[in-house]
S.K.: 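This is the structure I have questions about; it appears just below.
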There are 2 protein chains.
Amino acid sequence: MLVTNIIVVPTPKTIRTRALLQETATRLFAEQGYDATTVDQIARTAGVSHMTFFRHFATKDAVILDDGFDPTIAAAVAATPSTLPPATRVCTGLRAALARIELPDQELVRQRVRIASQHPALRIGMYANTEATREALVAVLVEDGGEEFAARVAAAAVLAALTVALQEWCQSDDELPMSTCLNAALAVVEGAGS
Amino acid sequence: MLVTNIIVVPTPKTIRTRALLQETATRLFAEQGYDATTVDQIARTAGVSHMTFFRHFATKDAVILDDGFDPTIAAAVAATPSTLPPATRVCTGLRAALARIELPDQELVRQRVRIASQHPALRIGMYANTEATREALVAVLVEDGGEEFAARVAAAAVLAALTVALQEWCQSDDELPMSTCLNAALAVVEGAGS
DNA sequence: AACGATAATGTTAGTCACTAACATAATCGG
DNA sequence: CCGATTATGTTAGTGACTAACATTATCGTT
């Protein structure tokens, strides 16, 4: 039997280099802009070669777009009652998942989304990431007996609303909580039937 | 006063070259795949230089992704009653707009979406295109007195559902009409409130 | 502490999408 | 037919990303 989905435990050095590259890149992007910063410069500033960069991040934009929230969101959606319509499940799960993100982490997210929202290439990267999140949710919903097409539509629509909510939130001042933007966005989606 | 949105009337030669490049690219992509086809090859096969290609299409993927449906969709949404919730307006407008596409054109759309759906880079390009369509709809909804954030959320969510519907439709046989997939997708979104 | 296996990194050379600058040729109104 | 505009070509370049192979860290074991 072929073993798939082998979980590779990252070595300490890998974690360090990866974090160093992300911090370096985020700082350089903020200081001089995304286009004016080359992968080579990020790598050299972090004291590594450009090959090491691409071994940690598949693309230039991944260095700022990669987050690890998919499992959290998927688990939260899985925890909702499978009797609800798929779109409602995704909405409810999202609210629960994002409420679980710690405040300091929220500030990091806000900073990254702020940078990403300002550049077309990075916004496109966000949409690309959404596809992976969407399929993770489809897997959860289908496992619970949901129909695949409906699951995919529900996940895609609600995640699109989330993306807009994040872009709105990242531009606001530090007081506005993420949940306010998210709830406002989900209310719009949930009002589509009237 | 600064005049924006100047409408440039394309010269006959421009239209011909553009169409030739699109046909050539579509054929080459279908024959040998997207990655195995270089921009240079498309240009040479069409009898032009690669600079001419980029003067007609901003990126490699634009040659197969560019369509001119945004004005049609925007007009159809504008024609819906402005008293309805924004998400409902976009749903209704979409149904009307896509019903207006002629059957032969639908076959072309299907062929292109089919190619685009199979390649990550092209799917991402579809998401990027959605952003322009979304903002066109936001402009329509806001003009009618809608709130901008709600308009953007509604447009984003419904267009995400449309994208999923198109991907489902393009894989089906020639008998299944686009409207069937679209209606199924919109029903999921409209069921989010229950 | 020396050893060997494994994982991380470096070097080099290359492909290809995409751009800037400038030169040339096709087109079209008068 | 001519002059102005528009489409196209040439060339040289940048930068993201990859393949192949060599080198160095890291770490458990003896």
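Residue numbers start from 1 in every chain, and the chains themselves are labelled A, B, ... in the order their sequence lines are given, proteins ahead of strands.
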S.K.: Below 4.0 angstrom, which residues in residues 36-52 of chain B have at least one non-hydrogen atom near DNA chain C?
M.R.: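 Correct list: B/T37, B/T38, B/V39, B/H50, B/M51.
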
S.K.: Considering only D/dC21, D/dC17, C/dC18, which nucleotide approaches the side chain of A/R55 most closely?
M.R.: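 Nearest to the side chain of A/R55 among the choices is D/dC21.
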
S.K.: With sequence neighbours excluded, tell me which residues meet side chain to side chain donor-acceptor pair (under 3.5 Å) with A/T26.
M.R.: none

S.K.: Of the non-hydrogen atoms in A/A156 and B/A160, which two are nearest, and what is the gap between them?
M.R.: O-CB, 3.5 Å

S.K.: Does the protein touch nucleotides 25-30 of chain C at the base, only the backbone, or not at all? Give it as B, S and - per nucleotide, heavy atoms under 4.0 Å.
M.R.: -S----

S.K.: Please tell me if the side chains of A/M178 and A/L166 come closer than 4.5 Å, counting only heavy atoms from C-beta onward.
M.R.: yes

S.K.: In the structure I gave you, are the side-chain heavy atoms of B/Y34 and B/I115 within less than 4.5 Å of one another anywhere?
M.R.: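 Sidechains of B/I115 and B/Y34: no contact.
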
S.K.: We want to know whether A/T38 and A/D40 form a side-chain donor-acceptor pair, criterion being a heavy-atom distance below 3.5 angstrom.
M.R.: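 Their side chains do not contain a donor-acceptor pair, so the 3.5 Å distance test is not met.
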
S.K.: May I have the distance from A/F57 (atom CZ) to C/dT9 (atom C1'), rounded to whole angstrom?
M.R.: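 Nearest whole value for this atom pair: 15 Å.
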
S.K.: Just distance, no hydrogens or angles: give the donor-acceptor pairs under 3.5 Å from side chains in residues 102-110 of chain A, sequence neighbours left out.
M.R.:
unit_1 : atom_1 : unit_2 : atom_2 : d
A/Q106 : NE2    : A/I101 : O      : 3.3
A/E107 : OE2    : A/R110 : NE     : 3.0
A/E107 : OE2    : A/R110 : NH2    : 3.4
A/R110 : NH1    : A/W169 : O      : 3.4
A/R110 : NH1    : A/S172 : O      : 3.4
A/R110 : NH1    : A/S172 : OG     : 3.4
A/R110 : NH1    : A/D173 : O      : 3.0
A/R110 : NH2    : A/D174 : O      : 3.3

S.K.: Please name the pair of heavy atoms, one in B/A76 and one in B/A96, separated by the smallest distance, quoted to 0.1 Å.
M.R.: CB-CB, 4.4 Å

S.K.: Side-chain contact, heavy-atom cut-off 4.5 Å: A/V188 with A/V164?
M.R.: no

S.K.: Round to a whole Å and report the spacing from NZ of A/K60 to P of C/dA17.
M.R.: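 A/K60 atom NZ is separated from C/dA17 atom P by 18 Å.
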
S.K.: For residues 118-139 of chain A, tabulate all N or O donor-acceptor pairs below 3.5 Å that involve a side-chain atom, not counting sequence neighbours.
M.R.:
unit_1 : atom_1 : unit_2 : atom_2 : d
A/H119 : ND1    : A/A121 : N      : 3.0
A/H119 : NE2    : A/D35  : OD1    : 3.1
A/H119 : NE2    : A/D35  : OD2    : 3.0
A/R123 : NE     : B/E131 : OE1    : 3.2
A/R123 : NE     : B/E131 : OE2    : 3.1
A/R123 : NH1    : A/S117 : O      : 2.9
A/R123 : NH2    : B/E131 : OE2    : 2.9
A/Y127 : OH     : B/E131 : OE1    : 2.5
A/N129 : ND2    : A/L65  : O      : 3.3
A/T130 : OG1    : A/M126 : O      : 3.0
A/E131 : OE1    : B/R123 : NE     : 3.2
A/E131 : OE1    : B/Y127 : OH     : 2.4
A/E131 : OE2    : B/R123 : NE     : 3.1
A/E131 : OE2    : B/R123 : NH2    : 2.9
A/T133 : OG1    : A/D70  : OD1    : 2.8
A/T133 : OG1    : A/D70  : OD2    : 3.3
A/T133 : OG1    : A/N129 : O      : 3.4
A/E135 : OE1    : A/R152 : NH2    : 3.0
A/E135 : OE2    : A/R152 : NE     : 2.9

S.K.: For B/F54 and D/dG9, what is the distance between atoms CZ and P respectively, to the nearest whole Å?
M.R.: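 Taking atom P of D/dG9 as the reference, CZ of B/F54 is at 14 Å.
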
S.K.: Send over the distance from B/Y34 OH to C/dC16 P, rounded to a whole Å.
M.R.: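 After rounding, the gap between these two atoms is 13 Å.
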
S.K.: Indicate whether OP1 or OP2 belonging to D/dT8 is found under 4.0 Å from a side-chain N or O atom of B/H56.
M.R.: yes

S.K.: When you check the gap from the basic side-chain N to the acidic O, do B/D66 and B/R18 get nearer than 4.0 Å?
M.R.: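 Looking at B/D66 and B/R18, the cut-off is met.
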
S.K.: For C/dT9, does either OP1 or OP2 sit under 4.0 Å from a side-chain N or O belonging to A/T17?
M.R.: yes

S.K.: Would you please classify the geometry between the A/H50 ring and the A/F54 ring as parallel, tilted or perpendicular, with 30° and 60° separating the classes?
M.R.: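 The rings of A/F54 and A/H50 stand perpendicular, inter-plane angle above 60°.
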
S.K.: Is there a residue in residues 119-130 of chain A whose heavy atoms reach under 4.0 Å of DNA chain C, and which residues are they?
M.R.: none

